[in-house]
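Below is one structure; the comments refer to it alone.
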Amino acid sequence: MVGVGALTAGLLLTSPQSAEAANLVKNPGFETAGTGDMPYCWEKAGWGDNDFTYETTSDAHSGTKAMKVTLTRRVDGDRKAMLTESTDCAPGVSVGKQYDLGLWYKTTTPDANVTLFRHDSTTGWQYWTDVKTLDMASAWTQATVRTPEIPAGTDRITWGVSVYGTGSATTDDYTMEQVADPLPPATCTGTNDQCANGGWSVLPTQNPVRSMHSVVLRNGKVLLIAGSGNSENAFAAGTFTSAVYDPANGTYKVIPTPKDLFCAGHVQLQDGRVLVLSGNKAYPVAGGHGYEGFKDSYLFDPGTETYTRANDLNDAHWYPSATELGNGDVITFGGLREDSTGSVTADRWSDRDQQWLPTWKVNQTWSFWGLYPSMILMQDGRLFYSGSHVFGNNIPGTGSAVYDYDANTITQIPGLRNKDERDQSASVLLPPAQDQRVLTIGGGNIDSNPDANRLTDVIDLKQPNPSYVAGPPLPQGTVDLGSGKVAETGNQGKMYVSAVLLPDGKVLETGGALHNRANPVYESSIYDPGTNTFDPVTADPESRGYHSSAFLLPDGRVMATGDNPGNGSWNHNVSIYTPPYLYKGTRPTITSLINQEWKYGDTQRITVDHPIAKAELIRPAAVTHSSDPNQRFVDLPLSVDGNNVDLNVTNNPNVAPPGWYMLFAVDANGVPSVARWVHLTGPAALSPTTAAPHVHAFADSLSGKESGPGPKRTSQAVSPTISGCDRHYGSLNVCVPTVFPAQVRKTPAARCAWLGQNHYGRLKVNGGDDPLGLDRNRNGVACEKGDTGRR
């Protein structure tokens, strides 16, 4: 029997059902009795602390029987009647295909939705996704929804209705049919190289400001924040700038900026304004203090294109995290205080009060999370610290953790490789957000300055006790070691990585450098979450290292800007990447959007001009230093009636925090529409009858070391050389490394040669110290001929 089952599964993967196939659900109306108290091919499922009953009732839509699931008491969890997880009863499916699901129902609770499980041919049965929230209905009502494309390795699925609030759901007459392929295979509309690898172009107009912060606004424009732009002259002059770029006409508008927002934090609030928190109070002094943060915060209004002052944070946070929570609040950790020490204070912005809360209203662990710690909101409201951060070593322990704000506990998560070499790696919540998987890419360490690595690690937060597992190595490109581009060798990868979620459900990684503010790497690739593979594509022709960023535009292209090498220069050129999907035929168009204001659990109708395979919400970027922990791609399962498509919106604000999103419709060839903007409003706007979030029991059996709040303290001691720069040489915006790359011999001549190859120019010696011995003739200038023995 095992051999027959395996053979059947293999045939199902390679022999798709006919589009006109009969109903794939066995015993769809519960008319055939099974063993025990459940009908044939149906079983009880669910979890949590609740009281429940299952009943085969005569109150049927058709025939004589229907299934009724009732919860009379609930603390957590759900109950559901599901198609039995067996070869006989669970419908076989084909990878890459979609299936229309239907049922008739009556409910006395808004807390019910259609839930799918899938059978992976390697790992067995596992939760897949929720696809539709059922509106309350006292009379028989039909619900239909289309599955996402069947993931790789899946040979069967099972599904049913989850009840996760007190009340009942009665269901009958289930249907499941394979969807006909909606489009012929894509026809290349460009060159073969463009269709395989996409293409980059450099815009004719340069970015007028030295921006290291990029925020895509709800009107499609881009806010580029520079502050002083890492320029000592601008800081001394009090010249602080931002610019707004308009992709529609390629123009820039320079915006007056109230303070040095250089290396601040930023996040979009649910009303579309940008909250900018902290920034740079002071640059380091040789032999003295390091960088200093400040407590100010500001709101940028996309409509007026102006900044206004908000209330102060309780502590300064230069290089902070900034994560929006499911209720619209924002929480921030880490960064440097006004005295250059590390902040151990968590600050929380209240969406209701429109201000930062006082410290006593915010749970505190008094932990230092580092600089720009990547804190990703999980589907149950906890925060996953991915291990991506900026500057030097990671936090103690395993380098990754789950923080439960309500319980105020931190649990270490295992598996992240080389945790102290993930400085300026990138972490993204993979598409779709409902899958709760995170990818971490590359990184290095500015303190020890090794070659940046090729490591990628993936974690599935749906698992009871999740752990990072090794992903495929990052593809290699070319690197400029100071005398032109050469191929990367060995384990050479990159830090300062940019990772961008694309509307076809893949991830573009691009840019980076081999060492701290030196040796740019020219390599781009597209990661496919379904196959866990990287596909090398055309590389950005511009160097994109420190202070660079890349982000998705509403037209489906990717914009890349910035680069600030150690010699203090700045790359003002802007690159645009056109992905391969824009060379694969006519784009679908969203011809009508009935409602721009959306709520959780909604069904929202759009009209398209030709068939689509999926639709999604993508949160607009707010990125700096490889970090955008709020970036996410939220699947919108479809219900299709010709060109009218109903989109089923998640009812969980932790999956899609409130705010403005880009809505893309994508056809079967992966070609996206131009985005339309929609506004997902927060829980405060919900009515009492709106469905509660369907929160699943993911990551609920963590076995890592758990800690609660430590003793209250003021701060964490931090080295003044935290940025990896030796301030004894050059100006404030020049970064002579405290540790040179390993291949540079530890002699003044070798170090001076490396500095020359990387275009550092004339380096003044600051003060009386010359710790690297670069000013042998003691004339106050490093690496002149008299210092290196050259004539």
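Every value quoted in this text rests on a predicted model; they were computed, and no experiment measured them.
Classification of the His625-His547 ring pair by plane angle, with boundaries at 30° and 60°, yields perpendicular. Below 30°, between 30° and 60°, or above 60°: for Phe117 and Tyr127 the angle between ring planes is above 60°, a perpendicular geometry.
Across Leu430 and Pro529, no two heavy atoms sit closer than the pair CD2-CG, 4.2 Å. Scanning both residues, Ser94 and Ile150, for their nearest heavy atoms gives O-CB, 3.3 Å. When all heavy atoms are compared, the tightest approach of Thr561 to Ser211 is OG1-OG, 4.4 Å. Residues Ser386 and Tyr468 approach most closely at O-OH, 2.8 Å, considering heavy atoms. Arg676 approaches Leu593 most closely through the heavy-atom pair NH2-CB, 3.7 Å. Closest approach of Leu501 and Phe633 over heavy atoms only: CD1-N, 3.7 Å.
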Identify each donor-acceptor pair in which a side-chain atom of residues 504-515 lies under 3.5 Å from a protein atom, sequence neighbours left out, and give them as a table.
from   : atom 1 : to     : atom 2 : distance (Å)
Asp504 : OD1    : Lys506 : N      : 3.2
Glu509 : OE1    : Lys494 : NZ     : 2.9
Glu509 : OE2    : Ser525 : N      : 3.3
Glu509 : OE2    : Ser525 : OG     : 2.4
Thr510 : OG1    : Ser524 : OG     : 2.8
His515 : ND1    : Asn519 : OD1    : 2.8
His515 : NE2    : Asp451 : OD1    : 2.7

Show me the side-chain donor-acceptor pairs of residues 656-664 shorter than 3.5 Å, one per line, residues at least two apart or across chains.
from   : atom 1 : to     : atom 2 : distance (Å)
Tyr661 : OH     : Pro657 : O      : 2.5

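Atom OG1 of Thr456 sits about 6.0 Å away from atom CG of Leu439, to the nearest 0.5 Å. Note that NE2 of His572 and OG1 of Thr205 are 13.5 Å apart. Values are rounded to the nearest 0.5 Å.
Asp457 is linked by a side-chain hydrogen bond (donor to acceptor under 3.5 Å, both in side chains) to Arg417, Arg422, counting only residues two or more places apart in sequence or in another chain. Qualifying side-chain hydrogen bond (donor to acceptor under 3.5 Å, both in side chains) partners for Ser498, counting only residues two or more places apart in sequence or in other chains: none. Every residue was checked against the salt bridge (charged side-chain N to carboxylate O under 4.0 Å, His left out) condition with Arg454, not counting sequence neighbours, and none meets it. Here Lys485 pairs with nothing under the salt bridge (charged side-chain N to carboxylate O under 4.0 Å, His left out) rule; sequence neighbours left out. For Tyr496, the ring-ring contact (aromatic ring centres under 6.0 Å, His included) partners two or more places apart in sequence, or in a different chain, are Tyr546. Remark: Asn491 pairs with no residue by the side-chain hydrogen bond (donor to acceptor under 3.5 Å, both in side chains) rule, at least two apart or across chains. Applying the salt bridge (charged side-chain N to carboxylate O under 4.0 Å, His left out) criterion to Glu597, with sequence neighbours excluded, gives no partner residue. Applying the salt bridge (charged side-chain N to carboxylate O under 4.0 Å, His left out) criterion to Arg619, with sequence neighbours excluded, gives Glu324.
Between Thr589 and Thr591, the side chains place no donor N or O within less than 3.5 Å of an acceptor N or O (distance only, hydrogens not considered). Side-chain contact, Thr607 with Asn643: no donor N or O sits under 3.5 Å from an acceptor N or O. The closest side-chain donor-acceptor pair between Ser425 and Ser388 falls under 3.5 angstrom. For the 3.5 Å distance criterion, the side chains of Asp155 and His119 qualify, holding a donor opposite an acceptor.
Between Trp200 and Tyr577, the gap from one ring centroid to the other is short of 6.0 Å.
For residues 114-125, every residue pair satisfying the salt bridge (charged side-chain N to carboxylate O under 4.0 Å, His left out) rule, not counting sequence neighbours, is listed here: Arg118-Asp120. Within the structure, every pair that satisfies the salt bridge (charged side-chain N to carboxylate O under 4.0 Å, His left out) test and touches residues 529-556, not counting sequence neighbours, is listed here: Asp540-Arg544, Asp555-Arg557.
Ionic pairing of Glu305 and Lys253 is present here: one or more N-O contacts between side-chain nitrogen and carboxylate oxygen are shorter than 4.0 angstrom. Salt bridge annotation for Asp646-Arg605: present, with a cationic side-chain nitrogen under 4.0 angstrom from a carboxylate oxygen.
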Between Asp635 and Gln434, is a side chain to side chain donor-acceptor pair (under 3.5 Å) present by the stated rule, with each step listed? CA-CA 7 Å; Asp635 184 48; Gln434 289 92 331; 5.0 Å; no

Test Asp193 against Thr538 for side-chain contact (heavy atoms from CB on, under 4.5 Å), laying out the working first. CA-CA 9 Å; Asp193 182 62; Thr538 304; 4.0 Å; yes

Salt bridge (Lys or Arg N to Asp or Glu O under 4.0 Å) between Arg587 and Asp667, worked out: CA-CA 8 Å; Arg587 305 180 70 163; Asp667 71 19; over 6 Å; no

Thr440 and Ser427: CA distance, side-chain angles, deciding distance, side chain to side chain donor-acceptor pair (under 3.5 Å) verdict: CA-CA 4 Å; Thr440 295; Ser427 291; 2.8 Å; yes

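The backbone N or O of Asn23 sits nowhere less than 3.5 Å from a side-chain atom of Glu177 that would complete a donor-acceptor pair. Asp528 places no side-chain N or O within 3.5 Å of a backbone atom of Asn532 that could act as its donor or acceptor partner.
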